[in-house]
Participant: 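Before I ask anything, let me first share the structure, which is written out below as structure tokens.
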Amino acid sequence: MKSEQERVGHRRFVQALQHEHLTCARPGCGGPMEVTDLTAHNARIKNFEAQCERCHGKEQITGKEEPAPQWDVASITMMAEVHLLHDQPTCPFDDTPITFTSLPNPRRKARYRLSCFYCGRHTEMNWPPPEAKR
Ligand SMILES: [Zn+2]
Ligand SMILES: [Zn+2]
């Protein structure tokens, strides 16, 4: 069960991840915030810093790493199928939009990395996925 604080933190994380408009959470402010992605290269969870343009207050917005249990085959297949339908798959554990990154592949087959930048779960798959319906 998530606490109210975690729910709010997750909502702000998803907004930052999707480059949506964030407003300052300080009582009585509500100013627009500028979000900077401070994520280290190849980090599994993203780390944003938001700064209010009105009161200049700063806010750290980060994922919450939770590597276990890993995604099972059924949820990976489900995410691939949703992506094939040009829809946005979400992590079955925390409902965060999944990021698909295409990887260089020496055998010239499409290969993707699927990442949830909130919990840090990730996997790689050949494309199109063999499990998906054609
Ligand atoms: Zn503010
Ligand atoms: Zn996740």
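Every heavy atom of this structure was used, including side-chain atoms; hydrogens, water molecules and symmetry mates were not. Since the model is a prediction, treat every value here as computed from it, not as a measurement. We count residues from 1, following the sequence as given. Counting convention: from 1, in listed order, for ligands and their atoms alike.
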Participant: Could you tell me whether any N, O or S atom belonging to H56 is less than 2.8 Å from the Zn ion (ligand 1)?
Facilitator: no
Participant: Quick one: does any side-chain atom of R26 pair with a main-chain N or O of C55 as donor and acceptor, under 3.5 Å?
Facilitator: no
Participant: As a test of reading the structure, name the N/O/S atom of D94 that is nearest the Zn ion (ligand 2).
Facilitator: OD2
Participant: To 10 degrees, how wide is the angle SG (C24) to the Zn ion (ligand 1) to SG (C29)?
Facilitator: 110°
Participant: How many degrees, to 10°, between C52 SG and C55 SG as seen from the Zn ion (ligand 1)?
Facilitator: 100°
Participant: Round to 10° and report the angle made at the Zn ion (ligand 2) by SG of C116 and SG of C91.
Facilitator: 110°
Participant: Distance alone, cut at 3.5 Å: any donor-acceptor contact between the side chains of E49 and Q60?
Facilitator: yes
Participant: Considering all heavy atoms of both residues, which atom of M33 and which atom of G57 are nearest to each other, and what is their separation?
Facilitator: CE-O, 4.0 Å
Participant: Is the Lys NZ or Arg CZ of R121 less than 6.0 Å from the centre of F93's six-membered ring, within 45° of the axis?
Facilitator: yes
Participant: Can you confirm if the aromatic rings of F48 and F13 lie within a centre distance of less than 6.0 Å?
Facilitator: yes
